[in-house]
Amino acid sequence: GWQIQPGQLTIQGALTDVVEKLTQCRLMVQGAGRTDAGVHARGQVANFKTHSSLSAGEFQRAFNALLPPSIRVVAAEDAAADFHSRWSALAKVYRYRIFRGRVVPPFLWRYVQHDPFPLDFDAMSEAARKFEGEHDFTSFAASTGSEEDDRERTVVRVIYRSEFTRVPSEEAPGGAEEWVYAVRGKSFLRYMVRKMV
């Protein structure tokens, strides 16, 4: 997961620790969005503000030298002083992979949902498109514990694109495929994409 959690390795925590080693200041690294535990982010944008004399390229090389191999900085650049990765984000894309073969290859099991049972791709594709637009996703939000608070809370989200595609699995023999659900929106709730799938 992204967000710093006491006593646990998180992406934000690891990046913040490296920034502190490099700048001698405890600077908070901000991300474009949080990911739930077990969710892998590719293209996550993050930022921090510093007066360090290190260039963006030097920061990138230092991050990759000091971070665990499971976390990589693929690009770094200077940004405008008013840039904030979360508030400046235009959209976020989530991809949820369903492996449709009989046996999940060992290289994929951590990155896919395995479902070898009969499913109706056309019906799922049609249902996915119904999420497009502006909708009240209150029923997808975690409960606050108070029925009164839950009844009065409205959680509206805008989904720009919501679709299933079929792709051949490159790592599985016998013509197995994956069904990939891709959803693009402005913001998402915790576990929202899992619930949509």
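The closest donor-acceptor contact from the side chain of Gln60 to the backbone of Val73 lies under 3.5 Å. Within the 3.5 Å criterion, the main-chain N or O of Ile4 finds a donor-acceptor partner in the side chain of Gln12. A donor-acceptor contact shorter than 3.5 Å is absent between the side chain of Arg157 and the backbone of Thr138. Checking side-chain atoms of Lys195 against main-chain N and O of Phe140 turns up a donor-acceptor pair under 3.5 Å. Checking side-chain atoms of Asn64 against main-chain N and O of Arg72 turns up no donor-acceptor pair under 3.5 Å. Side chain of Lys92 to backbone of Arg184: no donor-acceptor contact under 3.5 angstrom is found.
Using cut-offs of 30° and 60° for the angle between ring planes, the Trp179 and Phe121 rings count as perpendicular. Below 30°, between 30° and 60°, or above 60°: for Tyr181 and Phe164 the angle between ring planes is between 30° and 60°, a tilted geometry.
Both Leu189 and Val197 are assigned to one and the same hydrophobic cluster, defined by single-linkage of ILVMFWY side chains at heavy-atom distances under 4.5 Å. Two different hydrophobic clusters hold Val180 and Trp109 under the rule that ILVMFWY side chains link at heavy-atom gaps under 4.5 Å. Using a 4.5 Å cut-off between side-chain heavy atoms of Ile, Leu, Val, Met, Phe, Trp and Tyr, with links allowed through other members, Tyr160 and Val193 fall into different hydrophobic clusters. Phe188 and Val155 fall within a single hydrophobic cluster, where Ile, Leu, Val, Met, Phe, Trp and Tyr side chains are chained together by heavy-atom contacts under 4.5 Å. When the side chains of ILVMFWY residues are joined at heavy-atom separations under 4.5 Å, either directly or via intervening members, Met124 and Tyr94 end up in a single hydrophobic cluster.
Counting heavy atoms from C-beta outward, Val156 and Glu134 have side chains that approach closer than 4.5 Å. Looking at Asn47 and Met28, their side chains never come closer than 4.5 Å, going by heavy atoms from C-beta outward. With contacts defined as side-chain heavy-atom distances shorter than 4.5 Å, the pair Val112/Ile98 does not qualify. No side-chain heavy atom of Val183 sits less than 4.5 Å from a side-chain heavy atom of Val93. Thr16 places none of its side-chain heavy atoms less than 4.5 Å from the side chain of Leu27.
Distance check: Glu177 CD to Thr165 OG1 gives 10.0 Å after rounding to the nearest 0.5 Å. Distance OH/Tyr96 to CD/Gln113: 4.5 Å, rounded to 0.5 Å. The distance from the CG atom of Leu15 to the CD atom of Gln44 is 9.0 Å, given to the nearest 0.5 Å. Rounded to the nearest 0.5 angstrom, Asp120 CG and Ser125 OG are separated by 8.5 Å. Going from atom CZ of Arg61 over to atom CG of Leu54 covers 9.5 Å, rounded to the nearest 0.5 Å. Rounding to the nearest 0.5 angstrom, the gap separating the CZ atom in Arg95 from the CD atom in Glu178 is 8.0 Å.
Ionic pairing of Asp115 and Arg97 is not present here: no N-O contact between side-chain nitrogen and carboxylate oxygen is shorter than 4.0 angstrom.
Here the two rings, on Phe48 and Phe59, have centers that are under 6.0 Å apart.
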Before giving the answer on salt bridge (charged side-chain N to carboxylate O under 4.0 Å, His left out), spell out for Arg161 and Glu163 the whole-Å C-alpha distance, their side-chain angles and the decisive distance to 0.1 Å. CA-CA 7 Å; Arg161 180 175 53 95; Glu163 64 186 359; 2.9 Å; yes
Side chain to side chain contact (heavy atoms under 4.5 Å, CB included) evaluation trace for Gln5 with Gln3: CA-CA 6 Å; Gln5 301 290 326; Gln3 191 170 359; 4.1 Å; yes
Please assess Val19 against Val29 for the test side chain to side chain contact (heavy atoms under 4.5 Å, CB included), listing each intermediate value before the final yes or no. CA-CA 8 Å; Val19 168; Val29 176; 3.8 Å; yes
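Summarising the geometry of His84 relative to Gln30, their closest heavy-atom pair is NE2-CG, 3.6 Å, with the distance given to 0.1 Å. Heavy atoms only, all atoms of each residue included: Val103 and His114 are closest at N-NE2, 4.3 Å. Shortest non-hydrogen contact noted between Ser85 and Gly31 is OG-C, 3.2 Å. Taking each heavy atom of Ala56 and Ala76 in turn, the nearest pair found is O-CB, 3.4 Å. Heavy-atom minimum distance, Gly33 versus Trp2: O-CG, 3.9 Å. When all heavy atoms are compared, the tightest approach of Leu66 to Leu22 is CD1-CD2, 4.0 Å.
Applying the 6.0 Å contact sphere to CZ of Arg86 captures no more than 12 heavy atoms from other residues, nucleotides or ligands. Taking a 6.0 Å sphere around CZ of Arg42, one finds it holds 12 or fewer heavy atoms contributed by other residues, nucleotides or ligands. By the neighbour-count criterion of 12 heavy atoms within 6.0 Å, atom CZ of Arg166 is densely surrounded, having more than that number from other residues, nucleotides or ligands.
With no hydrogens or angles considered, no side-chain donor-acceptor pair links Ser162 and Arg129 at under 3.5 Å.
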